[in-house]
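I have placed the structure first, in the form of structure tokens, so that the comments after it can refer back to it.
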Amino acid sequence: GHREMCELGKEWGANDFNRMLLNGALHGHREMCELAKEWGANDFNGMLWYGARGGHREMCELAKEWGATNFEGMLRNGANAGYHEICELAKQWGTT
């Protein structure tokens with residue numbers, strides 16, 4: 001599914017890999033995020049925010065592992081989407 005579509009898009013000239021990273025995070029598609037990073041995506045704060053907006057803890061954890069540090073944006077997006085666990089995690093990370 002998703003990987004094949006991403007590879008086809010790249011083959012046809014798509015090169016906005018940060019957008020691919022953000023959409024992968026929003027919808028919880030880890031493999032898409034990993035592929036986007038492999039192809040040069042580097043907006044890990046955006047990944048953190050989009051993962052929070054989608055309620056995907058794993059995406060937030062991965063973004064943090066890759067260097068994301070803007071936990072205020074994570075908290076804001078998690079709160080706007082109503083994800084209590086994401087907000088608690090953002091608070092924890094932002095205060096350590």
Side-chain angles (χ1 to χ4, degrees):
H2 294 105
R3 181 181 182 97
E4 292 80 17
M5 293 304 299
C6 292
E7 289 174 345
L8 182 62
K10 184 179 181 206
E11 183 181 313
W12 289 356
N15 60 10
D16 189 353
F17 304 122
N18 278 320
R19 178 62 52 195
M20 178 181 161
L21 179 73
L22 301 182
N23 280 309
L26 178 63
H27 299 290
H29 298 296
R30 181 185 180 108
E31 185 179 14
M32 184 184 294
C33 293
E34 290 171 339
L35 189 59
K37 181 179 184 260
E38 179 183 319
W39 290 346
N42 59 7
D43 184 3
F44 304 124
N45 279 320
M47 178 186 178
L48 182 69
W49 305 338
Y50 275 69
R53 186 188 305 169
H56 300 291
R57 179 186 179 114
E58 181 186 11
M59 296 297 98
C60 296
E61 290 170 340
L62 190 59
K64 182 178 184 260
E65 180 183 317
W66 288 348
T69 58
N70 190 324
F71 306 118
E72 289 179 26
M74 176 186 174
L75 177 62
R76 186 172 40 254
N77 281 323
N80 284 337
Y83 294 112
H84 185 265
E85 179 188 9
I86 297 294
C87 294
E88 289 291 332
L89 193 59
K91 181 177 184 251
Q92 177 188 341
W93 289 348
T95 57
T96 55

message: So Cys6 and Trp39, do their side chains get closer than 4.5 Å, heavy atoms only?
response: yes
task: Taking His56 for its side chain and Leu26 for its backbone only, find out whether a donor-acceptor pair lies under 3.5 Å.
output: yes
query: Does Trp93 share a hydrophobic cluster with Tyr83, counting links as ILVMFWY side-chain heavy atoms below 4.5 Å and allowing steps through other members?
result: yes
message: With a 6.0 Å cut-off (strictly less than), is the heavy-atom count around CD of Glu72, excluding the residue itself, greater than 12?
response: no
Distance in Å, Glu4 CD paired with Glu7 CD, rounded so as to fall on 0.5 Å steps: 6.5 Å
query: Mind checking what makes side chain to side chain contact (heavy atoms under 4.5 Å, CB included) contact with Ala90, not counting sequence neighbours?
result: Met74, Leu75
- request: Please list all pairs passing the salt bridge (charged side-chain N to carboxylate O under 4.0 Å, His left out) test where one or both residues lie in residues 36-53, with sequence neighbours left out.
  value: none
query: Is any side-chain heavy atom of Met59 closer than 4.5 Å to a side-chain heavy atom of Tyr50?
result: no
- request: Determine yes or no for a side-chain-to-main-chain donor-acceptor pair under 3.5 angstrom, with Asn45 supplying the side chain and Asn70 the backbone.
  value: yes
- prompt: Are the side chains of Leu89 and Arg57 in touch, meaning some heavy atoms are under 4.5 Å apart?
  reply: yes
field: Rounded distance (nearest 0.5 Å) linking atom CG of Leu62 with atom CE of Met47
entry: 4.0 Å
message: I'd like to check the side chain to side chain contact (heavy atoms under 4.5 Å, CB included) partners of Glu34; sequence neighbours left out, ordered by chain and number.
response: Arg30, Trp66
From CG (Leu21) to SG (Cys33), nearest 0.5 Å: 5.0 Å
statement: Looking only at heavy atoms, the pair that brings Gly46 and Leu22 closest together is C-CD2, 3.1 Å
message: If I compare all heavy atoms of Cys87 with all of Ala79, which pair ends up nearest, and what's the gap?
response: SG-N, 3.3 Å
message: Using the rule that Ile, Leu, Val, Met, Phe, Trp and Tyr join whenever any side-chain heavy atoms are under 4.5 Å apart, tell me whether Phe71 and Phe44 fall into a single cluster.
response: no
